[in-house]
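Right, one structure below, let's go through it.
We count residues from 1, following the sequence as given. Read the numbers this way: they start at 1 and go in the same order the structure lists the ligands and their atoms.
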Amino acid sequence: MSKPAHKIADINLAEAGRMVISLAENEMPGLLKIRAKYGANKPLDGARIAGCLHVTKETAVLVETLIILGAKVQWCSSNIFSTQDHVAAALVKCGIPIYAWKGETDEEFVWCMQQTLVFQDGQTLNMILDDGCNLAQLVYSKYPQYLSGIIGITEETSSGELILNRMFNAGELKTPCISVNTSVVKAKFENFYGCRESVIDGIRRATDVMLAGKVVVVSGFGDVGKGCASAFKMFGSRVIITEVDPINALQASMEGYEVTTLNEACKEGQVFVTATGGRQILTSNHFLNMREDAIVCNMGHFSHEIDCDWLNENATTDRIKAGVSRYTLSNGRHILLLGAGSPVNLACASGCPSFVMSNVFATQVLAQIELFNNKAKYSIGVHSLPKKRDEEVALSHLEKLGIKLTQLTIEQAKYLGIQQDGPYKPNHYRY
Ligand SMILES: Nc1ncnc2c1ncn2[C@@H]1O[C@H](CO)C(=O)[C@H]1O
């Protein structure tokens with residue numbers, strides 16, 4: 001049976017979607033500059049990109065940039081709740097095969113990914129743009145016959161990078177990959193500044209809860225956790241951090257946060273945010289000790305940071321509104337779970353803002369160009385883009401913010417032992 005040209009919620013939403021995509025373009029100078037620089041010589045001509053990344057207005061600008069650079073693209077979302085249906089409609093209106101809608105079931109999520117693998121002309125994918133390694137794992141497990149045709153994989157997020165590294169260490173990886181997450185503009189910009197703004201957006205849109213004065217527990221003090229903690233601090237919350245890594249724990253303490261265990265913090269917290277990249281962080285004994293109507297949400301890629309299965313099997317549920325479920329526990333107290341454990345900024349709001357995503361998605365495009373055109377340079381494994389690319393992406397965003405850069409003199413460059421136009425830092429430098 002031939003596959004449908006697309007599957008979305010409602011094509012009639014296309015006009016509204018195009019409006020928000022146009023506004024996002026104006027906030028995404030990095031992608032617009034890439035279109036201007038590479039659009040004529042089409043470095044992605046011949047690329048058949050299967051994309052699995054939240055279908056948001058920012059991703060729409062990314063998708064249309066890839067197409068302007070010559071790629072054929074088929075796309076699905078990397079989360080069942082993150083699709084912005086009007087954006088999906090706007091892309092389909094332009095003839096782009098989108099298989100995504102807000103509120104997919106887990107089975108439909110897999111079906112959507114499957115639709116991205118074979119193109120309308122019968123050719124199979126030769127590039128993957130992934131978020132959380134969902135698509136790559138599907139191909140590896142269910143469609144290994146396609147692997148020989150895949151030139152490269154670019155991966156968006158830390159959880160996906162973790163899986164690719166695990167596959168490589170197990171000798172299972174058969175494809176050169178570039179992790180965008182290791183780029184500075186992703187880790188130190190989107191993961192921090194993007195989450196700093198969007199975590200508040202997600203929680204406030206879902207609950208309208210007052211954050212000032214409240215006890216907020218953030219599990220994980222990596223770049224995402226740092227951004228989240230910083231946001232709650234700015235809003236006047238009392239922030240408690242939980243961590244397993246002594247370095248991150250010390251950092252949190254140096255920032256003035258209390259650092260303790262979840263077994264202690266679960267009794268005090270009124271809002272809980274997981275940002276560890278791990279699994280089973282918030283579990284039954286925490287839930288049973290939480291205060292009435294404690295708000296529980298996740299900012300990691302996968303919902304398994306929260307033991308949602310235990311809640312669904314051991315508590316009755318009332319749907320308050322889209323993205324907000326109230327669980328009644330055996331002890332009579334209640335818990336509010338946001339976005340069913342999916343990243344709350346994407347499930348209950350619209351994800352990280354366009355300007356910071358412009359940095360990340362410019363890096364994604366450069367990574368796709370690099371792998372597709374220089375595959376001989378990349379061995380099987382998980383690679384990073386050179387620092388110079390990071391600096392170029394950052395440079396393309398300065399004008400929008402009115403930033404005036406100081407020029408390094410030749411003498412200064414000689415003293416520092418670097419080129420006048422960079423790279424300005426050694427690879428081991430931590431920004
Ligand atoms: N507005 C957005 N559009 C697309 N992807 C996003 C957005 N905000 C965050 N993300 C990505 O979502 C993954 C986690 O699934 C990240 O690591 C982010 O780069």
Side-chain angles (χ1 to χ4, degrees), residues 17 20-21 23-25 27-28 30-31 51-66 75-88 91 98 100 102 109 113 129-136 154-164 178-202 205 220 222-225 227-228 274-277 297-305 339-365 367 393:
V20 295
I21 294 170
L23 287 174
E25 283 173 354
E27 279 284 294
M28 302 184 87
L31 286 178
C52 179
L53 204 162
H54 311 289
V55 178
T56 64
K57 59 191 183 298
E58 292 77 21
T59 300
V61 183
L62 165 64
V63 166
E64 294 185 330
T65 301
L66 294 168
W75 213 270
C76 62
S77 181
S78 51
N79 181 277
I80 60 177
F81 294 118
S82 61
T83 294
Q84 295 163 13
D85 288 325
H86 55 333
V87 169
L91 292 171
I98 302 293
K102 190 174 185 68
F109 177 75
M113 287 196 285
L129 195 155
D130 218 346
D131 176 38
C133 208
N134 298 297
L135 193 54
T154 60
E155 168 57 47
E156 177 77 4
T157 201
S158 44
S159 300
E161 180 189 327
L162 179 76
I163 296 170
L164 288 174
I178 290 180
S179 170
V180 167
N181 192 64
T182 53
S183 292
V184 176
V185 291
K186 169 66 163 73
K188 298 298 174 186
F189 282 75
E190 189 230 306
N191 289 0
F192 182 86
Y193 301 109
C195 294
R196 182 167 77 174
E197 297 196 18
S198 58
V199 66
I200 301 295
D201 196 5
R205 285 199 215 187
D223 295 317
V224 173
C228 295
T274 55
T276 69
C297 62
N298 169 44
M299 276 292 283
H301 176 77
F302 291 116
S303 59
H304 59 208
E305 299 216 22
S342 288
V344 67
N345 62 336
L346 285 148
C348 297
S350 47
C352 290
S354 306
F355 185 77
V356 79
M357 294 312 298
S358 173
N359 289 269
V360 184
F361 287 168
T363 306
Q364 270 285 5
V365 176
V393 168

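- Scored by the ring pair (Phe, Tyr, Trp, His ring centres under 6.0 Å) test, His304 finds Phe302 as partners (sequence neighbours excluded).
- With sequence neighbours left out, Thr276 forms a side chain to side chain contact (heavy atoms under 4.5 Å, CB included) with Ser219, Ile281, Glu305.
- Results of the side chain to side chain donor-acceptor pair (under 3.5 Å) test with Lys186 over Thr363, Asn191, Asp223 single out Asn191 as the only residue that passes.
- In this structure Ser350 satisfies the side chain to side chain contact (heavy atoms under 4.5 Å, CB included) test together with Lys57, Gln84, Asp201, Arg205, sequence neighbours excluded.
- Counting non-hydrogen atoms of other residues, nucleotides and ligands closer than 6.0 Å to CZ of Phe355 gives a total above 12.
- No side-chain heavy atom of Ile163 sits under 4.5 Å from any side-chain heavy atom of Ser159.
- Within 4.0 Å of ligand 1, protein heavy atoms belong to Leu53, His54, Thr56, Glu58, Thr59, Asp131, Glu156, Thr157, Lys186, Glu190, His301, Leu346, Ser350, Gly351, Cys352, Met357, Phe361, listed by chain and number.
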